[in-house]
There are 2 protein chains.
Amino acid sequence: MIATDVTVAADDAGQDRECPGRRERKKLRTRRALRSAALERARVQGPAAFTVEEICADVDIAPRTFFNHFPSKDAVLFDWDGAALAELTGEVRDRAGGSPLAAATAVVGELAAALTTSPIWHRQLELLRAHPELHGRIAHVGRAVEDALALGLAAREGATVPALDHRVAAAAAMAVLQVAISAWLADPAGPDPRAVHDDVLVRARDAFASLPPPGQGAGGP
Amino acid sequence: MIATDVTVAADDAGQDRECPGRRERKKLRTRRALRSAALERARVQGPAAFTVEEICADVDIAPRTFFNHFPSKDAVLFDWDGAALAELTGEVRDRAGGSPLAAATAVVGELAAALTTSPIWHRQLELLRAHPELHGRIAHVGRAVEDALALGLAAREGATVPALDHRVAAAAAMAVLQVAISAWLADPAGPDPRAVHDDVLVRARDAFASLPPPGQGAGGP
DNA sequence: TGCAGATGTGCAGTCCCTGCAGTATGTGCG
DNA sequence: CGCACATACTGCAGGGACTGCACATCTGCA
């Protein structure tokens with residue numbers, strides 16, 4: 001047994017939002033225990049080596065039950081449940097003032113800052129650094145976050161479906177975050193993720209500032 | 001039998017690059033036949049419903065052989081082989097003049113233009129429109145293309161490993177392409193992908209142009 | 001023609017994931 | 001408290017993806 005209840009409880013203490021009842025709490029505990037056990041197994045054995053059966057034995061549930069909590073084995077490692085996404089959407093929506101891109105990058109910047117403070121995210125990023133082949137399997141998470149951002153940007157203006165500018169802002173912010181994370185993973189001894197994010201953001205802004213209008217192919221300087 | 005040799009031959013005639021020998025040609029033919037059969041099966045039955053065994057029967061190879069051509073069932077639908085990626089890298093590398101972002105967006109713009117002309121890409125996009133749940137499964141393709149772009153940008157300046165600005169430019173260009181594709185899929189009757197791409201690119205540039213310097217949170221007017 | 005390397009194939013096996021049916025546990029109400 | 005209801009948990013059976021291994025076949029080259 002690798003993951004213990006102690007580990008689980010320490011992982012994201014304080015993230016306990018509302019407690020709608022014992023059933024919900026137990027479900028949340030099981031969810032986190034599975035995630036924690038999976039992260040530990042993946043760290044020790046490798047992401048491809050651990051099996052669903054193993055982490056189910058770690059948290060003492062039936063293998064069949066695993067798939068009542070997560071749609072796939074991959075999903076347990078990098079998981080953003082609907083509540084977290086909705087919270088992110090709300091955070092963007094409530095950020096009044098400034099352009100959509102300003103709001104999106106502000107929220108994403110705080111997200112980058114949280115990467116090192118959240119224990120779970122730290123473990124996930126360490127795993128990602130050790131096994132770069134996981135990049136592809138978590139791309140859908142980035143897409144989900146991007147959609148949540150775009151939804152928040154739309155809600156900020158009273159709309160229910162994101163406009164093109166909202167999608168552009170969300171995609172740009174996420175692209176910045178992705179590059180920042182990659183750069184930080186490549187050089188963990190360098191600046192913290194928040195600083196890297198701001199650096200990348202400035203570089204992106206400068207790059208677009210000197211961009212000639214498109215449509216005519218390669219135009220001179 | 002759904003996919004026929006005729007379909008296969010007509011799919012991307014003219015893409016026959018060098019013919020290094022009968023063995024290579026036969027391998028390429030099998031590869032394309034598998035891809036074509038898979039696309040047709042996915043279109044008719046749905047991406048989750050068709051089996052490897054079926055498309056292997058279509059092109060008359062052993063199921064075991066399938067995994068000598070593709071690493072997974074998902075890979076056969078949206079496939080960029082190493083040669084195509086290397087070609088893309090070269091295209092970026094040979095595009096002299098202008099900033100990295102200008103070079104990247106120029107190449108990506110041509111790529112967007114080719115989306116409607118290439119029969120294979122057309123079939124892939126139609127499949128993507130009919131089954132949006134595939135978005136997540138092809139994210140690694142976008143990542144691979146992004147890496148190829150960054151590599152080309154580095155090579156353009158004589159470097160062998162992309163610098164941060166190269167990664168930023170590649171990520172930005174791919175983010176623009178991704179948004180453009182999504183928008184075009186949502187409204188196929190609208191402008192062609194190339195026009196949508198240029199539109200999204202301008203919107204991204206404008207968004208960054210009015211972006212306040214990061215680090216102080218929301219300080220907009 | 002003969003050799004070396006690459007490719008195709010069959011087999012056995014592991015693991016992911018699913019539908020179904022039955023049981024246990026938490027929840028709300030009289 | 002006791003009862004009905006809603007969820008969650010579990011075992012079972014099965015399909016299908018994917019792999020390692022050994023062997024057959026084919027191609028390029030001398």
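Side chains are part of it too, since the values below use all heavy atoms of this structure and drop only hydrogens, waters and symmetry mates. Chain letters run A, B, ... following the sequence lines, proteins first, then strands; residues in each count from 1.
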On the nucleotide D:dT7, are OP1 or OP2 found under 4.0 Å from the side-chain N or O atoms that A:K27 carries? no
Measure from CD on B:E24 to C1' on C:dG5 and round the result to the nearest Å. 12 Å
Would you mind telling me which of C:dT18, D:dC18, D:dC9 lies closest to the side-chain atoms of A:N68? D:dC9
What verdict does the side chain to side chain contact (heavy atoms under 4.5 Å, CB included) test give for B:R35 and B:L77, after you've listed the backbone C-alpha separation in whole Å, the side-chain angles of each residue and the deciding distance to 0.1 Å? CA-CA 6 Å; B:R35 183 178 53 181; B:L77 287 177; over 6 Å; no
Donor-acceptor check, side chain of A:S36 to backbone of A:R32, threshold 3.5 angstrom: yes or no? no
Measuring from the side chain of B:R64 (C-beta onward, heavy atoms only), which nucleotide among D:dT19, C:dC17, D:dT10 has the closest atom? D:dT19
Please work out if A:P71 contacts a base, only the sugar-phosphate, or nothing of the nucleic acid, heavy-atom cut-off 4.0 Å. sugar-phosphate
Base, sugar-phosphate, or nothing for A:K26, non-hydrogen atoms under 4.0 angstrom? nothing
Do B:K73 and B:F50 form a cation-pi contact, if we require the NZ or CZ to be under 6.0 Å from the six-membered ring centre and within 45 degrees of the ring's axis? yes
Quick note, B:A62 side chain, CB onward, closest among C:dG10, C:dC16, D:dT10 is C:dG10
Considering only side-chain heavy atoms of B:T65, which listed nucleotide, D:dT10, D:dA17, C:dG8, is closest? C:dG8
D:dT7 C1' sits how many Å from A:R31 CZ, rounded? 16 Å
Is A:R137 positioned over the aromatic face of A:F78, cation under 6.0 angstrom from the ring centre and no more than 45 degrees off axis? no
Counting only pairs under 3.5 Å, give me each side-chain donor-acceptor contact of residues 179-191 of chain B, with atom names and distances, residues two or more places apart or in other chains.
from, atom 1, to, atom 2, distance (Å)
B:S182, OG, B:Q178, O, 3.2
B:D187, OD1, B:G190, N, 3.4

Indicate whether the side chain of A:T116 and that of A:R194 have a donor and an acceptor atom separated by less than 3.5 Å. no
Here the distance between atom C1' of C:dT7 and atom CG of B:D60, to the nearest Å, is 16 Å
Please work out which residues in residues 47-56 of chain B have a non-hydrogen atom less than 4.0 Å from an atom of DNA chain D and list them by number. B:F50, B:T51, B:V52
Would you indicate, yes or no, if C:dT7 has its OP1 or OP2 atom less than 4.0 angstrom from a side-chain nitrogen or oxygen of B:H69? no
